[in-house]
Amino acid sequence: MTTRDDTAPKGRPKDPRVDAALIDAAVEVLNESGWAAFTTTAVARRAGASTASLYRRWPSKQALAGAVARRIALDELGGIDTGSLEGDLREFLVRKQRILGASTGPALLSLMGQAAHDAELRQILHDDVYLMVREQLDALVSQAVRRGEPIRGMGPEQIGVLTLVLIGTVAARSVFLARPAASTFEEPPATDFVEAELQLLLAALGRAAGAAERGGEG
């Protein structure tokens with residue numbers, strides 16, 4: 001992929017098309033080579049931009065990685081309102097599953113794996129993935145409360161644990177349920193995982209599947 005290098009005199013507004021091209025390039029480099037080969041030089045070259053152009057936007061490769069994670073979370077997990085908590089959570093989980101199946105999935109998993117060894121990246125992912133997912137989950141619960149749906153009270157600690165569960169299953173599934181080439185193990189369909197996670201979330205929130213359709217009993 002290529003784009004015009006926007007190196008320009010100081011004070012000129014940054015071109016959002018170059019922002020997008022650099023993030024797309026970052027995803028491609030992470031998917032192809034992982035964190036070890038993820039350098040600002042490699043990303044700028046892939047985008048057809050200069051490293052100076054990249055550094056005008058992000059001061060380090062960790063900050064660039066944060067922009068990648070933030071775009072994934074914002075693009076896929078925001079703006080959900082199906083009319084019921086059960087529907088909202090199902091849509092949330094379907095979108096989470098979509099992230100794994102898209103080109104951004106391996107990139108996000110690569111960042112999560114590296115975060116244990118990189119304090120700066122860990123902080124960035126805390127802010128741009130954990131907190132964002134937590135805010136989205138909290139927003140769905142608050143939305144359901146405003147609708148008048150009966151929900152068990154959830155404090156910040158409980159919301160935090162549910163957030164960790166939602167994020168943790170992404171990494172755990174990629175490690176423990178990735179089928180080796182020689183294995184005869186049949187991984188359950190993605191839809192089964194979505195429904196199983198949904199049941200757990202609804203149980204934690206004091207709801208039973210189908211409660212909204214039964215007139216709010218739960």
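Predicted, not measured: the structure shown is a model, and the values here were computed from it. Any value given below was found using the heavy atoms of this structure, including those in side chains, with hydrogens, waters and symmetry copies removed.
- When side chains are defined from C-beta on, Trp35 counts as touching Asp118, because their heavy atoms get closer than 4.5 Å.
- Under 4.0 Å is where a charged nitrogen must lie from a carboxylate oxygen, and between Glu32 and Arg46 at least one such pair does.
- A donor-acceptor pair under 3.5 Å is formed between the side chain of Arg57 and the backbone N or O of Ser53.
- Within the 4.5 Å cutoff, the side chain of Val165 has no heavy atoms near those of the Leu200 side chain.
- Between Asp24 and Arg71, some side-chain heavy-atom pair lies under the 4.5 Å cut-off.
- Taking OG1 of Thr41 as the start and CG of Leu54 as the end, the distance is 9.0 Å to the nearest 0.5 Å.
- A chain of hydrophobic side-chain contacts below 4.5 Å, direct or via other Ile, Leu, Val, Met, Phe, Trp or Tyr residues, connects Leu131 to Leu111.
- When all heavy atoms of Val68 and Ala26 are compared, the pair lying nearest together is CG2-CB, 3.7 Å.
- For Glu149 (side chain) and Leu85 (main-chain N/O), a donor-acceptor pair under 3.5 Å exists by modelled atom type.
- In plain terms, the two heavy atoms of Leu89 and Leu198 that are nearest each other are CB-CD1, 3.6 Å.
- To the nearest 0.5 Å, atoms CZ (Arg122) and CG (Asp127) are separated by 12.0 Å.
- Here the side chains of Glu197 and Lys96 are in contact, with some heavy-atom distance below 4.5 Å.
- Side chains of Phe38 and Gln114 form no contact here, defined as non-hydrogen atoms less than 4.5 Å apart.
- Residues in residues 118-142 take part in these ring-ring contact (aromatic ring centres under 6.0 Å, His included) pairs, two or more places apart or across chains: His126-Tyr130.
- Put simply, CG on Asp138 and OG1 on Thr163 are 8.0 Å apart, with the number rounded to the nearest 0.5 Å.
- Leu164 is connected to Leu125 through a chain of hydrophobic side-chain contacts under 4.5 Å among Ile, Leu, Val, Met, Phe, Trp and Tyr, so both are in one cluster.
- Using a 4.5 Å heavy-atom threshold, the side chains of Gln123 and Gln62 count as separate.
- Side chains of Leu162 and Arg134 form no contact here, defined as non-hydrogen atoms less than 4.5 Å apart.
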Checking Glu195 against Arg90 for the side chain to side chain contact (heavy atoms under 4.5 Å, CB included) test, could you report, in this order, the C-alpha distance in whole Å, the side-chain angles of both residues, the deciding distance, and whether it holds? CA-CA 7 Å; Glu195 290 304 314; Arg90 179 178 284 108; 2.9 Å; yes
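- In this structure, CG on Asp19 lies 9.0 Å from CZ on Arg56, to the nearest 0.5 angstrom.
- Distance alone, capped at 3.5 Å, is enough to place a donor-acceptor pair between the Gln143 side chain and the Ile80 backbone.
- Between the side chain of Ser33 and the main chain of Leu30, no donor-acceptor pair closer than 3.5 Å is present.
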Is there a side chain to side chain contact (heavy atoms under 4.5 Å, CB included) between Leu166 and Leu93 once you walk through the steps? CA-CA 8 Å; Leu166 285 169; Leu93 294 171; 3.5 Å; yes
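- Under a 3.5 Å cut-off, the side chain of Arg70 and the backbone N or O of Asp128 do not form any donor-acceptor pair.
- Nearest heavy atoms, Gly34 versus Ser110: CA-OG, 3.9 Å.
- By the rule that hydrophobic residues join a cluster once side-chain heavy atoms approach within less than 4.5 Å of another member, Trp58 and Tyr55 end up as members of one cluster.
- Comment: Asp81 engages Arg147 in a salt bridge, judged by a side-chain N to carboxylate O separation of less than 4.0 angstrom.
- Here the CG-OG distance, from Leu121 to Ser60, works out to 9.0 Å after rounding to the nearest 0.5 Å.
- Using a 4.5 Å heavy-atom cutoff, the side chains of Val194 and Gln199 are not in contact.
- In this structure, Val145 is a member of the same hydrophobic cluster as Leu140, with clusters built from ILVMFWY side-chain heavy atoms closer than 4.5 Å.
- Residues Ala21 and Ala47 share a closest heavy-atom pair of O-CB, 3.8 Å.
- Remark: the backbone N or O of Ala107 is paired with a side-chain donor or acceptor of Asn31 at under 3.5 angstrom.
- Atom CD1 of Ile167 sits about 11.0 Å away from atom CE of Met132, to the nearest 0.5 Å.
- Checked by atom type and distance alone, the side chain of Asp88 pairs as donor or acceptor with a backbone atom of Thr82 at under 3.5 Å.
- A single hydrophobic cluster is not seen to contain both Ile124 and Val27; linkage of ILVMFWY side chains at heavy-atom distances under 4.5 Å, directly or through other members, places them apart.
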